[in-house]
Each structure stands twice: as structure tokens, then as C-alpha cells.
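Everything on this sheet refers to the single structure shown next.
Here is the naming used below: chain letters follow the sequence lines, and residue numbers restart at 1 for every chain. Keep in mind that the numbers below use all heavy atoms, side chains included, and drop hydrogens, waters and symmetry copies. Remember, predicted model here, so these are calculated numbers, not experimental data.
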2 protein chains.
Amino acid sequence: MRRTKEDAAKTREEVLAAAAEVFFENGVSGSSLDKIARRAGVTRGAIYWHFKDKAEVLTALHSEIRLPQEELVDHALEHGHDDPLSLIEQASIEVVHILANDEQQQRIFAIMILGCEFTEDPSETAQRIITANAEMYEKLQKLIDMADRQGNLAPGWTVDTAARAFQCCMNGLFAEWLRSGKSFPVIDVGERLVRSVIGSIRRKAA
Amino acid sequence: MRRTKEDAAKTREEVLAAAAEVFFENGVSGSSLDKIARRAGVTRGAIYWHFKDKAEVLTALHSEIRLPQEELVDHALEHGHDDPLSLIEQASIEVVHILANDEQQQRIFAIMILGCEFTEDPSETAQRIITANAEMYEKLQKLIDMADRQGNLAPGWTVDTAARAFQCCMNGLFAEWLRSGKSFPVIDVGERLVRSVIGSIRRKAA
DNA sequence: ATACAAACATACATGAATGATTGTAAATAT
DNA sequence: ATATTTACAATCATTCATGTATGTTTGTAT
């Protein structure tokens, strides 16, 4: 009962979708490959065909998140922008809106932030997550550096401090929202939070 | 080789200390009771004598964190305070300083925030963490409510939105710091962040 | 002095998850 | 038309952690 290439690609997607659900429900280490297979309507054999092990399923899931605003930010980094802080503000608010409406991305985000166990000697999977976070931070830092060179950074702030503070807020926002079972309006809180922090970072007009 | 009561209490503490280390290094579900026992210099028998199972070790660890400023906040809640927002600001900055210098509490915090797997149908352990977080939120909310009734809440903010925003920032700060391997100065970032958000929440003097 | 219980260590039984191997039917290349 | 992969399913051996049960030694009460 061999399937055509499209069929195979389909089962691969179904496995990933099932993995997202099961990981989300039981945590990564609480999810056996058998559970995922059953949810996907296949056997473990199928999973082992498409992926090396559970870690590879996780990284495959992770590589599925590609927020559209990343291109926006990349473009600004390449071509420059006359108001980088406003760009950060707008892009971040956009991300909040997107995440608030995309259940699949919420699940993946929850798995990454809350469901992946911390290790001091990180597994390659955990390492990838840390790396992705670091890349995000670098972009943030470069944009704020642009703002600084344009004289728009408020006194007292350094580029690094500002970038870290903003990153903490955003990750904290999503983590708390997902951890609490979406018990508060992310969009409201997120918009106010973003504007507050950006407002503090931005040098006030004299 | 029965020990005296003091000896027994000592091994209990040693088991907890070892558990904090092992959990921190390998994650909760990646830590077998045997590993913890070896680290503590005992056998699993000793652990099973003092605790029912791994979950009970975790909750025992969790109950070890009692930040001193909780009493400060409780006192303010009971007796009122003429400037609750300043109280939040000071207490939070104090917490940052304490956490920055207490490795044991850092480990426990890391385990709770990063190392405890998320479950939609939460285990009792996870539930305790969520509950503790909710209690913290309630106190925050009551303090901000006090500020609101004193006319000190900036327009645009609601009590809930402000409390959530602040909570997200603080948890995000610690989570990012620990996840990143303490790669940035928490105290600097934390102080600026706290002052920024509280500054945004507080109504400006006319 | 003796009986009992506390504080463990040791040994064992169980189950769950993994990874590897093998089987196999259909798709595709030749 | 045949050979060869592909895309899985099914089975198996092994590991590993857990929980329990039992053994052993020593404090402690009487």
C-alpha cells in the first residue's frame, strides 16, 4: 500500500499536525511517538520514516513558524528606516494580532516556550530555540542601534539594555498568555505594553 | 544504620538540594530519581522514604521560595498605602536584586518557569505553579486598584490590563535571563523595565 | 534488656518507550 | 515487463524508570 509522493507529503503534514496537538496537550517528554502516530492515523513506522526521532519532529515543527513581519524587519535592516522604533512598534503589534488569531502558531509557540525542558547542556533542539531567540534579539538590537545613531534613544538607556527589555516583555507576554490558558486579552495588554516600553525607550522631543 | 532525627532532616535537605541541581541540569522529566539519589549520596529508598514520588519532590522544592517582600506587599494590602505604585516599584526592584544573588532560588525559578512541562490538563504540580502565579497576580491587581481609587492610574489603562502587563514583564525578565544563561545584566534591565512600566501606568502630574 | 519503630539500602517486578529489523504492496524507473 | 525503490506496517529486543516489597541497622521508649 505504497502512496504517491503527494500522499507521502500529506502524511508528513498530518504527523506534524498531530505532533503539535499531542505535544501541546501532554508536553514534549510526555508525548510518545506512538501517541502521535495514533493521533495521525498511522504507526510509528511512518514517523520513523519521515523523521529520525522525536527531536527531529520538534525541530520540524519549529521551522514552521515564519512570522510575516520578519521580512519587514529584514527589509528595514537592509535599506535603513527613518524611524526604527516606530517600525518595531508596528511590527510587534502586528505579531500580537497574528498570534492571537492563529491557533497552530499558538500551539507551537507554547510548546517552544513552555513545553520544552530546559537543560544546562542543551540538546540540539533546545539549542535551536535559543539560537532563534538570539537571532531575533540581534535584529532588535540592530534596529535600536539605528535609532540610537539617529539620536532617538532616551538618555539612560543603552542599545543592549533597551533591546533586552523589549524582548523580555514580548516573550513574557506570550508566555503568560499561553500559560494562563489565554485568560486575558493579549491584544489589549500587548498594545499598551509595546507602546509603553517603546515610549520609554524613545527620546522625548524637546 | 538508623540516623537521629537531625540526620534525617539533613538528608532530606540534601535530597532537595540535589534535586534542584539535577532538575536544573536535565529538566524535570529528564531527571530520574536514581540520578537525584546518587547526587545526594543516597539511594532511591531514601527519597521514597521522605517523599511520595517525584512530583512531591518538586512541590517541596517549590514551597522553598518565599520572597521576603511578600510580607511587605501583604502588609500594604492590609493597612493600605499612600502610594501603591511606588511600593510595587520598590518591591519588584528588590526582588530582582535578591534573585540575582541567590543561585538556589534561580535554579528553582528556572525549573518552575522553564523546566516544568506545560499540560492542557495540568498535573497537580503544574497546577500549584499556576495557582501561585495567580495569587501573585491578585495581589498586584489589588495594589493597582488602590492606586486607581486614589486617582493615580493613567488614562487608557484598566486595573487588569496594568496588572497583566506588569506581570508579563517581570516573568519575562526572569525567564529570558535564565533561559539565556544569565547572559545580560538583569539588574540593569530589570530596574529600567520596572521604572518604565510603572511610569507608564502612573498618571502624570498635571 | 527488650520491643518497636525510624531511616534507610537492596532487590525485584512491571510497564512504557525506544530504535532496529523485517515484511510488503504499490509507485516509479528502465 | 521487470527491477527497484518508496512508504509505510508489524514485530522484536533492549533499555530505563518507576513502584513496591523486603531486609537491615540503629535510635528510643518502657
TODO: List the protein contact pattern of nucleotides 13-19 of chain C with one symbol per nucleotide (5' to 3'): B for base contact, S for sugar-phosphate-only contact, - for none; contact means a heavy-atom distance under 4.0 Å.
DONE: ----SBB
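Here D:dT6 presents its P atom at 16 Å from CZ of A:R12, a figure rounded to the nearest Å. Taking atom NE2 of residue B:H50 and atom P of nucleotide C:dA7, one finds them 7 Å apart after rounding to whole Å. Atom P of nucleotide D:dA10 and atom CH2 of A:W49 are separated by 17 Å, given to the nearest angstrom. Atom-to-atom, CG of A:D7 to P of C:dA27 comes out at 9 Å; the value is rounded to the nearest Å. Regarding A:K10, its NZ atom lies at a distance of 18 Å from the C1' atom of D:dT6, rounded to whole Å.
Between A:T11 and D:dA7, a side-chain N or O to OP1/OP2 separation shorter than 4.0 Å is absent.
For the pair A:R107 and A:F23, the cation-pi test (distance below 6.0 Å, angle within 45°) is failed.
Ion pairing of B:K142 with B:D148 is absent here, as no side-chain N (NZ or NE/NH1/NH2) approaches a carboxylate O to less than 4.0 Å.
For the residue pair B:Q167 and B:N133, a side-chain donor N or O sits within less than 3.5 Å of a side-chain acceptor on the partner. Between the side chains of A:S86 and A:R202, at least one donor N or O sits under 3.5 Å from an acceptor N or O.
Between the side chain of A:K54 and the backbone N or O of A:V28 there is at least one donor-acceptor pair closer than 3.5 Å.
Checked against D:dA10, C:dA7, D:dT6, the side chain of A:T43 finds its nearest nucleotide in D:dA10.
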- [ ] Check the pair A:S183 / B:Y137 against side-chain contact (heavy atoms from CB on, under 4.5 Å), numbers first and verdict last.
- [x] CA-CA 12 Å; A:S183 69; B:Y137 173 75; over 6 Å; no
